[in-house]
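Notes to accompany the following structure.
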Amino acid sequence: MLTDPDVAASYARDQTFLEPGKPLCAVAAQTRDDVVATMRWATEHRVPVVPRGAGTGLAGGATAVEGCVMLSLARMTEIRELSPADEIAVVEPGVITADLDRAARAHGLMYAPDPSSYEISTIGGNLATNAGGLRCVKYGVTRDSTLGLEVVLADGRLLTTGRRTMKGVTGYDLTGLFVGSEGTLGVITSATLRLRRAPAAPPVTVAAEFPSQRAAGDAVAAIVAAGCRPSLLELMDRNTLKAIDDWKNIGLDAGVQAMLIAQSEGELPGSADAMARLCEANGASFVAMSSSPEEADELIGLRRLAYTAKERLGACLVEDVCVPRSVLPDMITIIEETAARHDTLICTVAHAGDGNLHPVFIFDRGLSEPPANVWAAADEVFRAALRLGGTLTGEHGVGLLKRRWLGLESGPVVSEVQQKIKQVFDPLGILNPGKAI
């Protein structure tokens, strides 16, 4: 237990600009029993608890509330079991996502969820937000790889959900309920996760440059419609590419307005070639294909630089609307028009294969929150996504940042049901209050 105010304050923020409350203390849990003891004490004294992993969240879900206990799971880093025969792993919440993937690959397996922050984000944080990432176009999001959980409830009781088997329909799906609940229903202390066979051959990566974002969006639609089954399909706009170029000098040409990065794991022979041809047919000015694993990693590395490059430009309001893939080109156009109308710098990347866009609104550092024009632009983008049949968040979660728009998507009946579910698991309302619902 860390009671020094400065030390406790170092646990109070995530990656948002939000000003946190002042925590009472921080608890750096190392075992499940530490979590149980913390929650029993918090229930007895009715003290709010904010669970956190590595603090890489982008929605304010791990931001401290006044007088809370910041419960860090980052030291719970054990991979309790890795079974190649059953293709599962049992891990604690502080395990770094990439470390689990590396451990699985030593057995010819892989952990499929692949958020851009995979080298620093934890499994617990991924579970809390139902994180997606670059490979989710093929393998799905974190929930799709989660078989069971060990959860400490608000009063310190231990709940085990799910199973070790690939199938199982006994009772309600409590595992699916906890994944994405942002620490508002319980504290995850262990997860049984599905592993998959790693590709037998290195994937082939295609990078294509386009004279407009709309053309890149059309290429995405064509690739999906053709059944190419990419394992990764990412889009970056001109503003993002320029931020990377200013930092890393990648040789960005003046006419390039968007880049599409696609990857094929070779299940369908000729898939990479087909994606390259479809990019050319939809107006790509330049198309390149990797000829070695090193070249493939280099091209994917460009995408992973995107958020850090944008942070160099100023403070960031990071959003992640998701729309049906068929209307992705329309959503891209709306974001461009919104940026111009509100005189706002928006840098957009997208997990284009599943319609998940990340428009990042840049504003001056030092401001306590985004200025009015940025909020107005964000409001238009959210409403447009909903109008197109989409959702407010594809993988970052609601946290604090999106609560002002939550009613637009959920409606009163859904809100009432969710509040009642919250009361069942957390009747005192001490778990991550004010977040997600």
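This structure is a prediction, so every number in the text was calculated from the model and none was measured.
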Are [X] and [Y] close enough for a salt bridge, meaning some N to O gap below 4.0 Å?
X      : Y      : answer
Arg383 : Asp379 : yes
Glu319 : Lys402 : yes
Glu265 : Lys138 : yes
Arg13  : Glu19  : yes
Arg325 : Asp354 : no

**Test log, rule side-chain contact (heavy atoms from CB on, under 4.5 Å), inputs Thr348 and Met236** = CA-CA 6 Å; Thr348 301; Met236 293 186 286; over 6 Å; no
Closest non-hydrogen atom pair between [X] and [Y], with its separation:
X      : Y      : result
Pro371 : Phe363 : CD-CB, 3.7 Å
Ala219 : Leu260 : CB-CD2, 4.1 Å
Ala26  : Ala8   : N-CB, 4.0 Å
Pro48  : Pro433 : CB-CG, 3.8 Å
Thr184 : Lys422 : O-NZ, 2.7 Å
Pro113 : Ser145 : CD-OG, 3.6 Å

**CD/Glu298: more than 12 non-hydrogen atoms of other groups inside 6.0 Å** = no
Considering only distance and modelled atom types, tabulate donor-acceptor pairs under 3.5 Å from the side chains of residues 409-417, sequence neighbours left out.
unit_1	atom_1	unit_2	atom_2	d
Glu409	OE1	Thr391	OG1	3.1
Glu409	OE1	Leu392	N	2.8
Glu409	OE2	Thr391	OG1	2.7
Ser410	OG	Leu406	O	3.4
Glu416	OE2	Lys420	NZ	3.1

**Asked** Hey, do the aromatic rings of Phe425 and Phe178 have their centres closer than 6.0 Å?
**Response** yes
Would you check if [X] and [Y] make a side-chain contact, meaning some heavy-atom pair closer than 4.5 Å?
X      : Y      : result
Asp245 : Leu241 : no
Glu369 : Leu317 : no
Leu195 : Leu82  : yes
Val349 : Leu235 : no
Leu401 : Phe17  : yes
Thr308 : Trp247 : yes
Leu193 : Val91  : yes
Val204 : Met275 : no

Under 3.5 Å, side chain of [X] to main-chain N/O of [Y], donor-acceptor pair present?
X      : Y      : value
Asn130 : Glu395 : no
Arg143 : Val179 : yes
Asp173 : Gly176 : yes
Asp426 : Leu431 : yes
Asn356 : His351 : no
Arg163 : Lys167 : yes
Asn432 : Glu182 : yes
Thr344 : Ala340 : no
Asp144 : Val141 : yes
Arg80  : Glu92  : no

Show me the donor-acceptor pairs within less than 3.5 Å that the side chains of residues 248-258 make with the rest of the protein, sequence neighbours left out.
none

Quick check for you: to the nearest 0.5 Å, what is the distance between [X] atom [atom1] and [Y] atom [atom2]?
X      : Y      : atom1 : atom2 : answer
Leu313 : Cys347 : CG    : SG    : 5.5 Å
Glu380 : His342 : CD    : NE2   : 3.0 Å
Leu100 : Ile79  : CG    : CD1   : 5.5 Å
Thr56  : Gln15  : OG1   : CD    : 6.5 Å
Ile188 : Thr122 : CD1   : OG1   : 10.0 Å
Leu58  : Ser117 : CG    : OG    : 7.5 Å

**Asked** Are Val151 and Val187 close enough, and set up right, to give a side-chain contact (heavy atoms from CB on, under 4.5 Å), and what steps lead you there?
**Response** CA-CA 5 Å; Val151 182; Val187 182; 5.6 Å; no
**Request:** Report the C-alpha separation of Glu150 and Thr160 in whole Å, then their side-chain angles, then the decisive distance to 0.1 Å, and conclude whether the side-chain hydrogen bond (donor to acceptor under 3.5 Å, both in side chains) test is met.
**Result:** CA-CA 5 Å; Glu150 175 187 271; Thr160 302; 5.5 Å; no
**Asked** Got a sec, which residues hit ring pair (Phe, Tyr, Trp, His ring centres under 6.0 Å) with Tyr11, two or more places apart in sequence or on another chain?
**Response** none
**Asked** So Asp86 and Arg164, salt bridge (Lys or Arg N to Asp or Glu O under 4.0 Å) or not? Walk me through it.
**Response** CA-CA 8 Å; Asp86 292 328; Arg164 292 171 59 91; 3.8 Å; yes
Within the 3.5 Å criterion, strictly below it, is a donor on [X] or [Y] matched to an acceptor on the partner's side chain?
X      : Y      : answer
Asn239 : Lys242 : no
Thr240 : Asp237 : yes
Asn126 : Thr97  : yes

**Prompt:** Parallel, tilted or perpendicular: which describes the rings of Trp375 and Trp405, with under 30° parallel and over 60° perpendicular?
**Reply:** tilted
**Message:** Does the structure place the NZ or CZ of Arg304 under 6.0 Å from the centre of the six-membered ring of Tyr118, at an angle of no more than 45° from the ring's axis?
**Reply:** yes
**Request:** Scan for side chain to side chain donor-acceptor pair (under 3.5 Å) pairs involving residues 200-212, sequence neighbours excluded, and state none if there are none.
**Result:** Thr205-Gln263
**Item:** Of all pairs that satisfy side chain to side chain donor-acceptor pair (under 3.5 Å), the ones with a partner from residues 191-204, not counting sequence neighbours
**Value:** Glu87-Arg197
**Message:** Set out, in order, the CA-CA distance, both residues' side-chain angles and the distance that settles side-chain contact (heavy atoms from CB on, under 4.5 Å) for Ile300 and Ile261, then state yes or no.
**Reply:** CA-CA 7 Å; Ile300 300 301; Ile261 299 177; 3.7 Å; yes
**Request:** Scan for salt bridge (charged side-chain N to carboxylate O under 4.0 Å, His left out) pairs involving residues 357-366, sequence neighbours excluded, and state none if there are none.
**Result:** none
**Asked** Going through the checks in order, is the side-chain contact (heavy atoms from CB on, under 4.5 Å) test met by Cys228 and Leu278?
**Response** CA-CA 10 Å; Cys228 294; Leu278 288 166; 4.0 Å; yes
